[in-house]
Trainee: 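Sending over a structure as structure tokens; questions will come in a sec.
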Amino acid sequence: MADRYLSFTGTAPGRFVTRRLGLPQPAALKRFSPERPALEGDRLLLTAGKSDLDLAATGLDLAATGLGPTTAREQPAAVVLDATGVRDVETLAEVHAALHPVVRSVTSSGRIVVLGAPLDPADHHQAAAQQALEGFTRSLGKEIGRGRTVNLVRLTDARAAASTLAFLLSPKSAYVSGQVVEVGPQDVTAPADPARPLAGRTALVTGAARGIGEAVAETLARDGARIVVLDVPQAEQDARRVADRLGGTALTLDITADDAGARIAAALPDGLDVLVHNAGITRDRRLVNMPAERWSSVLDVNLASVLRTTDALLASGTLREGGRIVATASIAGLAGNAGQTNYGASKAGVVGLVRSLAPRALAEHGVTVNAVAPGFIETRMTAAIPLFIREAGRRMNSLAQGGLPADVAETTAWLAHPASGAVNGQVVRVCGQSLLGA
Ligand code: NAD
């Protein structure tokens with residue numbers, strides 16, 4: 001379903017009328033395309049506090065973002081503020097001093113990435129100042145406008161965060177704003193071919209016959225992965241169409257079947273590198289009107305099958321060392337949503353699974369576990385929402401528009417990237433900084 005309001009505000013009369021009426025002014029976001037793979041413009045590196053982080057010496061190749069370096073404060077496309085050295089309220093003032101003069105001139109669809117340090121449990125002044133960066137980031141994201149995004153990365157080692165910074169400083173993160181990502185200290189290896197980071201790897205995407213899953217499969221194939229498109233037998237034709245287009249294979253089975261994990265393992269004798277739990281359903285009703293069947297079907301597809309197949313593919317060793325699990329949560333699982341007690345419970349369950357399993361899966365199997373939490377994404381699922389609720393859902397975020405399946409796909413591709421091994425246990429919202437939830 002096309003966003004006609006966004007098209008309207010893209011015209012001069014549309015802009016005039018909507019501004020006069022005080023209506024939302026969504027900017028057309030600049031997304032990744034092979035022709036325009038990078039943000040166009042300069043990057044500005046700023047520092048607040050005394051930082052030990054040496055972005056250049058730690059091997060962080062900001063040149064890989066395609067952005068030109070600059071010290072000029074005019075019209076940067078990306079600003080990176082190293083605030084890892086902010087230790088108290090006094091040095092926090094340097095955040096204001098650094099960004100206040102430049103924020104106005106950041107280009108449309110530009111990026112601000114704040115680098116923070118982990119909170120120090122032994123120093124409550126440092127912890128207060130570093131936590132302050134979170135409120136700062138989220139507040140700036142809500143006011144900055146013009147398709148610009150603001151995110152915070154907490155890190156100790158810049159090299160481990162290279163894939164994360166490359167993503168956040170690229171058009172691939174167009175719909176990711178107001179997020180806080182923690183990057184661990186793990187050693188990471190850059191892929192041999194940066195243009196095809198998943199070359200030689202196999203990725204299985206559940207529910208990939210259409211919608212977000214199809215976009216995820218496409219994006220992982222673009223990045224070089226061999227794709228297995230999993231969907232229900234009723235969707236076999238679509239699953240085959242997607243698989244054929246991507247040079248992959250289709251695997252039709254119901255993910256809720258008891259033997260789903262065993263059948264996936266049998267279909268992948270050579271192992272699996274990327275497992276994307278994307279299949280999901282909604283059966284909305286308020287709790288007072290919800291029969292047990294609506295509850296159990298949603299919990300079974302969205303959560304129980306994710307737990308079962310994850311367990312089976314880790315236990316069988318199908319998921320290889322260096323593997324990636326990306327599960328699909330939802331902002332409904334973080335903020336709650338009327339009529340979605342079943343869906344909200346299932347998606348919150350996914351978050352619990354990710355947070356608990358991530359450290360163990362990495363320690364025992366060398367596999368990272370993260371979640372994407374989409375907000376309002378333009379798909380068949382959201383096209384079925386009644387007009388007024390749909391229109392409210394689209395606008396109620398800092399970017400004042402819905403996201404596209406490609407936005408979730410790009411976020412998944414970053415988490416699946418071979419150099420993202422230090423990103424673990426994260427729940428990354430792809431929601432244009434939705435006003436629902438934190
Ligand atoms: P969709 O309904 O368009 O696609 C879901 C796919 O999953 C379908 O192809 C379906 O056949 C498949 N599927 C359903 N049950 C299955 C089963 N038992 N076994 C195997 N495959 C099964 O949905 P979408 O909008 O593309 O959503 C994809 C994921 O993103 C879901 O987990 C959804 O909850 C989540 N999500 C979507 C939005 C949104 O705005 N569209 C927002 C938040 C979260």
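Order of appearance sets the numbers: ligands from 1, and atoms from 1 within every ligand.
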Trainee: Under 4.0 Å between a Lys/Arg side-chain N and an Asp/Glu carboxylate O for R226 and D273?
Mentor: no

Trainee: Only heavy atoms of A279, strictly under 4.0 Å: list the atoms of ligand 1 that pass.
Mentor: 7 (O), 13 (N), 21 (N), 22 (C), 32 (O)

Trainee: Closer than 4.0 angstrom, basic N to acidic O: yes or no for R245 and E218?
Mentor: yes

Trainee: What part of T382 sits under 4.0 Å from ligand 1 if we count only heavy atoms: the side chain, the backbone, both or neither?
Mentor: side chain

Trainee: Quick one: which of V430, I385, T328 has a heavy atom closest to atom 35 (C) of ligand 1?
Mentor: T328

Trainee: For atom 7 (O) of ligand 1, which protein heavy atom lies nearest, and how many Å away is it?
Mentor: G207 CA, 3.3 Å

Trainee: Indicate yes or no for a side-chain donor-acceptor contact from N397 to the backbone of L435 under 3.5 Å, with no hydrogens or angles considered.
Mentor: no

Trainee: Which residue pairs satisfy the ring pair (Phe, Tyr, Trp, His ring centres under 6.0 Å) criterion with at least one member in residues 351-389, sequence neighbours excluded?
Mentor: none

Trainee: Compute the shortest N/O to N/O distance between N278 and ligand 1 and return yes if it is under 3.5 Å, no if not.
Mentor: yes

Trainee: Under the 6.0 Å and 45° cation-pi test, does K172 pair with F167?
Mentor: no

Trainee: Which residue supplies the protein heavy atom nearest to atom 23 (O) of ligand 1, what is that atom called, and how far is it?
Mentor: M381 CE, 4.0 Å

Trainee: Where is the nearest protein heavy atom to atom 18 (N) of ligand 1: which residue, which atom, and how far?
Mentor: D254 OD1, 2.8 Å

Trainee: Measure the distance from atom 37 (C) of ligand 1 to every protein heavy atom, then report the residue, atom name and distance (to 0.1 Å) of the closest one.
Mentor: I212 CD1, 3.7 Å

Trainee: What are the atoms of ligand 1, with element, lying closer than 4.0 Å to any heavy atom of L253?
Mentor: 19 (N), 20 (C)

Trainee: When you measure from atom 42 (C) of ligand 1 to each heavy atom in G393, S330, G375, which option holds the nearest one?
Mentor: G375

Trainee: Salt-bridge test for D238 and R241: reply yes if a basic N is under 4.0 Å from a carboxylate O, no otherwise.
Mentor: yes

Trainee: If the contact criterion is a heavy-atom separation under 4.0 Å, does Q234 count as touching ligand 1?
Mentor: no

Trainee: Among all protein heavy atoms in this structure, tell me which lies nearest to atom 11 (O) of ligand 1, with the distance rounded to 0.1 Å.
Mentor: D231 OD1, 2.6 Å

Trainee: For the pair R294 (side chain) and R285 (backbone), establish whether a donor and an acceptor sit closer than 3.5 Å, ignoring hydrogens and angles.
Mentor: no

Trainee: Judged on heavy-atom distance to atom 5 (C) of ligand 1, which of G213, A209, G280 sits nearest?
Mentor: G280

Trainee: Does a donor on one side chain and an acceptor on the other come within less than 3.5 Å for S420 and R324?
Mentor: no

Trainee: Tell me: protein heavy atom nearest atom 2 (O) of ligand 1, and distance?
Mentor: R210 NH2, 2.7 Å

Trainee: Checking contacts here: is it the side chain or the backbone of A329 that comes within 4.0 Å of ligand 1, counting heavy atoms only? Could be both or neither.
Mentor: backbone

Trainee: Restricting to side chain to side chain donor-acceptor pair (under 3.5 Å), what partner residues turn up for S398, sequence neighbours left out?
Mentor: Q433

Trainee: I'd like to know if the side chain of T368 and the backbone of G421 have a donor-acceptor N/O pair within less than 3.5 Å.
Mentor: no

Trainee: Which protein non-hydrogen atom lies closest to atom 25 (O) of ligand 1, naming both residue and atom, and how far is it?
Mentor: T379 OG1, 3.1 Å

Trainee: Quick one: does T206 get a heavy atom under 4.0 Å from ligand 1?
Mentor: no

Trainee: Name the closest protein heavy atom to atom 14 (C) of ligand 1, giving the residue it belongs to and the distance to 0.1 Å.
Mentor: I281 CG2, 3.8 Å

Trainee: Under 4.0 Å between a Lys/Arg side-chain N and an Asp/Glu carboxylate O for D3 and R395?
Mentor: yes

Trainee: Closer than 3.5 angstrom, by distance alone: can the side chain of N278 be matched with the main-chain N or O of G207 as a donor-acceptor pair?
Mentor: yes

Trainee: My understanding is that we take every heavy atom of each candidate and find the minimum distance to atom 20 (C) of ligand 1. Doing that for V232, V306, V242, V350, which one comes out nearest?
Mentor: V232

Trainee: Please check if the side chain of D311 supplies one atom and the backbone of R308 the other of a donor-acceptor pair under 3.5 Å.
Mentor: no

Trainee: Quick one: which ligand 1 atoms are inside 4.0 Å of a heavy atom on Y343?
Mentor: 33 (C), 34 (O), 35 (C), 36 (N), 43 (C), 44 (C)

Trainee: If you count the atoms of ligand 1 from 1 in the order shown, which ones are under 4.0 Å from a heavy atom of G211?
Mentor: 26 (O)

